[in-house]
Student: 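Here it is, the structure, as structure tokens.
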Amino acid sequence: MNYELNDSQREAVLCIDAPSLVIAGAGSGKTRVLTYKIAYLLEQGMQPWNILALTFTNKAAREMRERIAKLVSPEKAAALWMGTFHSIFARILRIEAPRLGYQPNYTIYDAADSLSLIKLIIREMNLDEKVYKPSAVQSRISNAKNRLVLPSGYNSVREFRESDAFFNRTLIPEIYRRYQERLKQANTMDFDDLLLNMWLLLKHNPEVAAQWQERFHFVLVDEYQDTNFAQHQIVWLLTNKRQRVCVVGDDAQSIYSFRGADIDNILHFQEAYVGARLFKLEQNYRSTQTIVNAAGSLIRNNREQISKNVFSEKEVGNPLIRYEAYSDTDEANIVLREVQRIHRAGVPYRGMAVLYRTNAQSRKIEDCFLHGHVPYHIYAGTSFYQREEIKDMLCYLRLTANPYDEESLRRIINKPARGIGDTTVKKLLAAAASAGVSVWDVLEAGNCPDLNAGTLKRLSDFHNMISDFHQRSATDDAHTLALHIAMKSGLREMIFSGHDPEDLSRQENLQELLDSIGTFVDENMEQGLGVHLSDYLQEASLATDLDRNNADKDADAVNMMTIHSAKGLEFPVVFVVGLEEGLFPGEMSLESPRALEEERRLFYVALTRAEKLVILTYAKSRFRNGKMEFSRPSRFIREIPQQYMTPRPPLGGGSSIRDSKFFSPTASPKVSWGSSSRPMPSTTPPKRTTGFSPRPIPSTTPQKAGMVNSQWSMVNELSVGASVVHERFGRGVVQAIEGTGLDAKATVQFENAGTKVLMLRFAKLTLE
């Protein structure tokens with residue numbers, strides 16, 4: 001067989017007589033080593049049914065099987081025990097099910113089935129679903145199973161016990177016990193049971209363990225850094241007799257601790273398997289030398305790692321480009337401008353990826369792409385305006401503006417749950433159709449046949465709530481009103497009641513929507529435009545309509561995704577946005593050295609997705625939690641040697657990807673206008689608040705107007721051609737000035753945000 005391998009790869013492939021750990025740096029040919037090793041085992045006479053290869057995705061297993069079929073034969077490739085942990089263990093458990101009290105025809109519950117059963121048990125126990133949130137209980141049970149903790153031993157885990165006490169969920173062990181009993185009665189397992197039961201089978205049935213140890217003469221595991229405690233223990237039980245095991249992975253890409261992945265499995269593999277050989281695949285075939293060197297310099301700051309010296313023999317390539325944006329709005333405009341520039345230079349949209357730490361960060365960039373007519377695709381996720389919590393909030397806003405909006409009413413009349421079920425809604429619809437009126441008219445009349453007094457009272461409460469929102473829409477600005485609606489509707493309480501990663505993502509998304517409404521009000525006030533709910537919905541409707549027509553995954557479109565979703569992918573050009581302390585690395589990781597090292601590994605993964613060019617962005621200020629917050633650049637940027645990086649181009653600069661003549665502006669602000677306590681326009685004065693603590697800003701009075709006029713005695717210093725900086729829009733040049741005093745306006749051509757006409761009494765401008 002002709003082995004197209006480098007020396008390190010060849011050594012790893014030929015080692016079949018001892019436990020081996022293959023540390024495969026990013027882009028170093030990990031899959032090639034696995035496939036050639038299996039082919040070599042078959043060439044040496046091992047039967048395919050004696051080889052077990054475990055992967056994390058069906059795609060990885062399918063690709064390896066296809067490659068092996070080309071190297072040996074389709075028949076031998078088909079006979080391999082190759083697949084995901086769950087699929088292989090499900091296959092074994094079909095054979096051994098009676099030993100665990102199951103029938104071989106057991107069914108497998110998916111996450112939705114599991115959640116439904118947990119909800120039923122919580123209701124049977126008469127527990128408060130706001131305290132015992134079903135998804136939180138499901139997550140805790142899953143976590144326990146992946147740590148091989150049975151219901152009987154649940155309370156012996158201090159972490160579980162203390163967390164449950166803090167959230168007043170002390171009955172989770174009992175829910176767990178009943179849940180397992182119901183699964184057993186139904187001859188059903190959930191996905192986590194496939195691991196737990198496989199471990200129980202091998203642990204408590206030595207003769208069965210011996211049979212499967214005899215069956216599998218060689219075991220290979222892909223992406224070993226992503227294994228959890230249960231998977232590690234099962235691999236040990238299958239291989240501790242023969243010690244013929246090869247695990248492949250990269251500790252520098254261990255980024256899934258929130259899913260239970262334990263980096264210690266790969267870091268301490270050689271301690272578990274005494275005499276194990278270590279192989280390092282250090283040549284990167286994906287990225288330029290500059291990208292590889294920058295990523296390597298970064299990851300060397302981690303203490304918990306297996307040292308390696310990853311290198312590339314590809315071209316030196318472009319330095320990483322670093323952009324300092326004035327705000328998150330400016331950052332999004334920079335990304336749009338650079339995508340358009342790079343596309344004009346000949347790179348297809350699909351050759352670019354925008355990576356972010358949290359899902360909520362996609363909103364501003366999506367908006368820029370939509371208005372800039374740049375096609376994009378949200379990879380392994382949902383675009384911002386199509387996320388459930390966003391659609392729910394927008395429906396509340398639409399119903400507030402227009403109570404006759406039946407689609408919005410149907411979506412949120414029982415969200416959060418308020419005892420208005422599908423049967424009641426059907427009766428409302430039937431009553432409206434019968435009378436030839438809208439559903440809102442039926443609610444106004446308060447008279448619907450076939451509904452009892454309790455249901456009518458709940459409908460009346462809902463009607464009164466929406467009516468209150470509608471009345472407020474005439475006076476409150478859109479942000480103040482949205483905050484009020486989020487609170488009074490119960491939507492915020494529902495979304496903020498969870499503590500799982502998915503819950504946190506939903507919370508960030510809702511906060512991002514509310515923050516975006518605040519930004520809308522601020523920007524429209526500066527430009528003398530409307531700031532009420534109807535004004536906002538007009539803009540939001542355009543964005544959601546464009547969003548629905550966005551490019552599909554097969555089109556030539558920019559890829560947008562979280563960094564976690566990007567693992568295993570590669571692109572010619574990669575943007576990494578939001579590189580600020582508290583965002584990336586995340587705020588919760590700053591006090592935990594271990595968590596901080598995982599954040600650094602996550603950034604390493606982001607950098608090593610790029611083949612040709614990396615563009616890093618961070619904002620000096622970001623609208624978060626209802627207010628503008630000032631930010632510091634991420635420590636990760638400082639950990640990359642400056643020789644591998646170049647700062648942003650000058651105003652209007654940067655004409656091609658290979659242009660490295662960039663500089664960082666050093667001019668300091670001289671004159672400042674505007675303040676956070678801005679007066680309101682002389683028209684109907686809506687109130688303005690920040691965050692979830694309403695703080696109305698008083699309307700302009702004659703006294704305040706006088707103060708503003710004196711403040712603007714310096715307006716003459718502003719002239720056409722002057723360079724200015726705006727809090728959100730960034731750097732720009734004044735194109736025209738008109739009016740005086742309170743009526744003074746300036747037309748400014750911003751570097752990244754385009755042309756804006758700003759009322760100077762509200763504009764947050766500084767002279768450069």
Student: Begin with the C-alpha distance, continue with both residues' side-chain angles, and end with the deciding distance and a verdict on side-chain hydrogen bond (donor to acceptor under 3.5 Å, both in side chains) for Gln749 and Thr755.
Tutor: CA-CA 4 Å; Gln749 174 67 45; Thr755 302; 2.5 Å; yes
Student: Here's a test for you: under side chain to side chain contact (heavy atoms under 4.5 Å, CB included), which of Leu298, Asp250, Asn302, Asp251 qualifies with Arg601?
Tutor: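 Exactly one pass, corresponding to Asn302.
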Student: Taking 4.0 angstrom as the limit, do Glu639 and Arg600 come out as a salt bridge?
Tutor: yes
Student: Can you say whether the rings of Phe729 and His726 are parallel (under 30°), tilted (30 to 60°) or perpendicular (over 60°)?
Tutor: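 Plane angle under 30°, so parallel.
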Student: Over 60° means perpendicular and under 30° means parallel, so classify the ring planes of Tyr376 and Phe369, tilted if in between.
Tutor: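 Tilted.
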Student: Is Lys30 salt-bridged to Asp222, cutoff N-O under 4.0 Å?
Tutor: yes
Student: With rounding to the nearest 0.5 angstrom, report the CG to CZ distance, Asp405 to Arg398.
Tutor: 7.5 Å
Student: For Phe584, run the ring pair (Phe, Tyr, Trp, His ring centres under 6.0 Å) check against Tyr356, Tyr618, Phe636 and tell me which one passes.
Tutor: Phe636
Student: Does a sphere of radius 6.0 Å around OH in Tyr379 hold more than 12 heavy atoms from other residues, nucleotides or ligands, not counting ones at 6.0 Å or beyond?
Tutor: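 12 or below, so no.
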Student: Does a side-chain N-to-carboxylate-O contact under 4.0 Å join Glu331 and Arg622?
Tutor: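 Looking at Arg622 together with Glu331, the answer is yes, because their closest N to O distance falls below 4.0 Å.
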Student: For Tyr323 and Asn752, what are the C-alpha separation, side-chain angles and deciding distance, and is it a side-chain hydrogen bond (donor to acceptor under 3.5 Å, both in side chains)?
Tutor: CA-CA 12 Å; Tyr323 272 97; Asn752 300 306; over 6 Å; no
Student: Is it the case that the ring center of His343 lies less than 6.0 angstrom away from the ring center of Tyr349?
Tutor: yes
Student: Determine, stepwise, if the pair Glu223 / Gln225 fulfils side-chain hydrogen bond (donor to acceptor under 3.5 Å, both in side chains).
Tutor: CA-CA 5 Å; Glu223 303 285 11; Gln225 78 281 348; 2.6 Å; yes
